[in-house]
*Asks:* 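For reference, the structure I am asking about is given below.
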There are 2 protein chains.
Amino acid sequence: MLPLARSSGMLRPMPTHPRPYHHGNLRDALLDAAERLLERKGAGALALRAIARAAHVTHTAAYHHFDDREALLRALAARGFDRFAAALASAGQRAPPERGFLEVGVAYVRFAAEHPALFRLMFGAEVARGRRADDALGAASDRALGVLLDGVRASAPGLDEAAVRRRAAAAWAIVHGLSGLLLDGQLAALGLGSEDPERVAREILSGEPT
Amino acid sequence: MLPLARSSGMLRPMPTHPRPYHHGNLRDALLDAAERLLERKGAGALALRAIARAAHVTHTAAYHHFDDREALLRALAARGFDRFAAALASAGQRAPPERGFLEVGVAYVRFAAEHPALFRLMFGAEVARGRRADDALGAASDRALGVLLDGVRASAPGLDEAAVRRRAAAAWAIVHGLSGLLLDGQLAALGLGSEDPERVAREILSGEPT
DNA sequence: ACCTGAACACCGTTCAAGT
DNA sequence: ACCTGAACACCGTTCAAGT
């Protein structure tokens, strides 16, 4: 099956499926490899060369599918926003309408706690730089935002659009800030760090604001 | 004054004060240079070698003052938290007590908007990794948190400590999330991006939560 | 004590070349 | 159309050496 001239004498070979990827879509394979690296070793492992290595291709092959390293990271972030939107939507659908917004907010924080590196990538500076020019990324993050808006509408029916957007902005700020502080371990300084993230989110989201 | 064997024939020389830094504290000089690079060119410019170059020393000299690159970044973040705490405290002192908390929150968002790269560094992953082991960083960020707690206490006197901390966590989450979304340009998707950040902060902070 | 210079194993990007 | 190999200018870190 595989030609012998695989060159990598010092690399330990993949135990299963040593497929050469000469045919299928390398684009998805690179994103899969990048996601694996991100979850297993953190954002520092997302070097373009390391990603290509993990996908068993030369690093220059990546340039046939992405403009540069940041474009690859944006595509990875777009994937993250897709899963994010799905997780939020599923939480909203499982909950009774009047508690829809609360459960979407809790799911927001839970996603951040469960995928810290991906969450940081999605909202980080490297991805933000080219966000406006990346249509796929914009569409994916708009989908996530749409779920949040739907949650607000379901919890408080009859609100006009401006009020919905104001309320959604405040809600988004709370859950987004809570997620960030949680990932940084900053809530520990307030004696709230050791508790279950979901419980903290639920407590703060259902409490009074100021 | 300066010995001729400065080697850098191709580099344009500094127009003023070509001091050799062989005497003073290189530690502060490196942090000054790093801060300049961060503000002028963003986080991507914070290579250890580029920082040393900007401070007119060999890159290996930095290792006599910092364990590694991340330790330098943490020291820079600690400086940021010092200024951050001062900005928050000054805003709190200028405001009447009952509005102290609101003005501290607005100052929080304003700091993020005025120093986006520094703010991201302070709360970013590279600094978070070694945060627990860095005493100076912990002390500086605790000072900032203390100002926030004081603001809550001033706005709602007579609260017990647990309530103060819960309220501070919610307030922190709001302003922190608002800052993050603002820096990412995400609020634009809600039609709130083009407005003045301070106005948005004031509107959301004084509005109702859910 | 503080800084330098050489060395090592990386990195992103470009370009000519292969199939 | 898709991938490789060589090259360029970087990078963080270590280590022996200089003053």
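Values in this document were obtained by computation on a predicted structure and should not be read as measured data. By convention in this document, chain letters (A, B, ...) are assigned in the order of the sequence lines, proteins followed by strands, and residues within each chain are numbered from 1.
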*Asks:* Indicate whether OP1 or OP2 belonging to D:dT4 is found under 4.0 Å from a side-chain N or O atom of A:H64.
*Replies:* no

*Asks:* Sort out for me which residue in B:F84, B:F111, B:F123 forms a ring pair (Phe, Tyr, Trp, His ring centres under 6.0 Å) with B:H176.
*Replies:* B:F123

*Asks:* Closest-nucleotide mapping onto DNA chain D: is B:L46 or A:T60 further toward the 5' terminus? I mean the 5' end.
*Replies:* A:T60

*Asks:* At 4.0 Å (heavy atoms only), tell me whether A:A61 reaches a base, stays on the sugar-phosphate, or touches nothing.
*Replies:* base

*Asks:* In Watson-Crick or G-U wobble terms, both distances under 3.5 Å, what is the partner of C:dC11?
*Replies:* none

*Asks:* A:H56 has an atom NE2; how far is it from atom P of D:dT4, in whole Å?
*Replies:* 12 Å

*Asks:* Would you classify B:H65 as touching base, sugar-phosphate or nothing, given that sugar-phosphate means primed atoms plus P, OP1 and OP2, and contacts are heavy atoms under 4.0 Å?
*Replies:* sugar-phosphate

*Asks:* Does a nitrogen or oxygen in the side chain of B:R53 sit under 4.0 Å from OP1 or OP2 of D:dC11?
*Replies:* yes

*Asks:* Testing A:R94, A:R202, A:Q93 for side-chain hydrogen bond (donor to acceptor under 3.5 Å, both in side chains) with A:E103, which one passes?
*Replies:* A:R202

*Asks:* Taking only side-chain nitrogens and oxygens of A:Y63, does any of them come within less than 4.0 Å of OP1 or OP2 of C:dT14?
*Replies:* no

*Asks:* For a quick check of understanding: with a heavy-atom distance under 4.0 Å over all strands, which category does A:R69 fall into, base, sugar-phosphate or nothing?
*Replies:* sugar-phosphate

*Asks:* Using Watson-Crick or G-U wobble geometry with both distances below 3.5 Å, tell me the partner of C:dA16, or none.
*Replies:* D:dT4

*Asks:* State whether the number of non-hydrogen atoms from other residues, nucleotides or ligands found under 6.0 Å of A:D67 atom CG is greater than 12.
*Replies:* no

